[in-house]
2 protein chains.
Amino acid sequence: MSEPEARPARAEQRRATEARILAAASRLFIDNGYERTTIRAVARAAGVDAGLVMHYFGSKQALFQRVTQASPMPELTGTPEEVTEQILARIAQMLAVEPAQSLALLRSVLTHPEAAEVWQEGTDRYHAEISHAIGAADADVRAALVSAVWLGVIVSRHLLKSPGLSDAGPQLVTDLLRPCLRSLTRADLPGTTG
Amino acid sequence: MSEPEARPARAEQRRATEARILAAASRLFIDNGYERTTIRAVARAAGVDAGLVMHYFGSKQALFQRVTQASPMPELTGTPEEVTEQILARIAQMLAVEPAQSLALLRSVLTHPEAAEVWQEGTDRYHAEISHAIGAADADVRAALVSAVWLGVIVSRHLLKSPGLSDAGPQLVTDLLRPCLRSLTRADLPGTTG
DNA sequence: GTCTATACATTGATAGAC
DNA sequence: GTCTATCAATGTATAGAC
């Protein structure tokens, strides 16, 4: 093998270009979804040629996977109350800063089959952990509802940009959401004082 | 004007064909969304030609509007408790039978700009009514959260077909959802007995 | 390592024959 | 009232020049 240190700039430049393409693709996938995001548009936004994008990532779907692949989430474990707080903390985090990978996936989850599949896999483990913490007969329904609430809040805020929710502070939102999620994760209903 | 009663079958056949096209379009828009639904596929499913679909509806977007135009919903009004029950009743109804117009719109709400616009208009009035019933300082955030929960539940059940939620009975779901929504529509938190 | 040129399929939409 | 033929545009993906 000849001098590997002779051309360190080559690999570095490649990584830089690749990063620019990924950033541009992420933005476009988040804003416009899978179908409406074209390779040409990604290339233009990244300041490169469309052929180069294909050369680096192979296909549009592969590029999408690279953008949406999320780091494995930490486990949800403990009592129902503890799990609820872990979920609330996670929601607060996703409200504070835009979760790029999740948003890119969520934007296309209703219209791109591959995105729906990845989403399913992710929520399956999620459901199992919540359901296990609840431990009631209808735990699976409750876990699904917790997941549905979480989905609705993130989608409404970041993607639909619902007025009144996109401006609200994470602290306020999680405070309002706490009793709501508590009622879902507690097997015994606290009773409605009506 | 010559005999208008001579050809009653003409108009009737046209209505029948139009109805078949609308039914096919509805199914495809619900299942695949706006982008992935092609005029050709609609025509094929309806057993007619693609040109005929264009001739009847003018454009793909016009066809989409015809499919997604919903009958105006009844007002939400009364005390927070009453409004909550009205929302729960509406959710129960949408869980029992597939709400075709809403689902066609919801499937594309994240990826089709026109769908997002129509959705916005619909939820604006919704928010105003809920917010008015709550009448607290953070009423707009609460109303947006109620809407987010509603969105998450319907999407999870009918579009994402979340296991554990797509099988559950409407009665069980609304019973589980009641304390959750109550906590959002009551300005005074009932307190978490932890 | 980057870009040009292009093949190939599919789309929405139009014009006109029957 | 229904269908055939076609247009113009756009998409992904590939081959090859620089």
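Letters A, B, ... mirror the listed sequences (proteins, then strands); counts begin at 1.
- Listed nucleotides C:dT4, D:dT2, D:dC3 differ in distance to B:V48; the shortest reach to its side chain belongs to D:dC3.
- Between A:T17 and C:dG1 there is no side-chain N or O to OP1 or OP2 distance below 4.0 Å.
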Which nucleotides of nucleotides 12-18 of chain C have their base under 4.0 Å from a protein heavy atom (B), which only their sugar-phosphate (S), and which neither (-), written as one string 5' to 3'?
BBB----
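- As a whole-Å value, the separation of A:L52 CG from C:dC3 C1' is 8 Å.
- Counting only heavy atoms from C-beta on, A:Y56 has its side chain closest to C:dG1 among D:dG1, C:dG1, C:dC3.
- Checked against side-chain hydrogen bond (donor to acceptor under 3.5 Å, both in side chains), A:D138 has the following partners two or more places apart in sequence or in another chain: A:R142.
- Listed by first and then second residue, the salt bridge (Lys or Arg N to Asp or Glu O under 4.0 Å) pairs that reach into residues 22-37 of chain A are A:R27-A:D31, A:R27-A:E98, A:E35-B:R36, A:R36-B:E35, sequence neighbours excluded.
- When the P atom of D:dG11 is taken as reference, atom CG of A:L63 falls 15 Å away, rounded to whole Å.
- Annotation: cation-pi pair A:R66/A:Y56 absent, no NZ/CZ under 6.0 Å from the ring centroid and within 45° of its normal.
- Nucleotide C:dT2 holds its P atom 8 Å from the CZ atom of A:R20, rounded to whole Å.
- The side-chain hydrogen bond (donor to acceptor under 3.5 Å, both in side chains) pairs that include a residue from residues 159-172 of chain A are A:Q171-A:D175, where partners are two or more places apart or lie in different chains.
- Here disulfide (SG to SG under 2.5 Å) pairs that include residues 11-100 of chain B, with residues two or more places apart or in two chains, number zero.
- At the heavy-atom level, A:F57 lies nowhere under 4.0 Å from the strands shown.
- The salt bridge (Lys or Arg N to Asp or Glu O under 4.0 Å) analysis of residues 117-135 of chain B, with sequence neighbours excluded, yields the pairs B:R125-B:E129.
- Summarising the geometry, the separation between CZ on A:R44 and C1' on D:dG11 is reported as 13 Å, rounded to the nearest angstrom.
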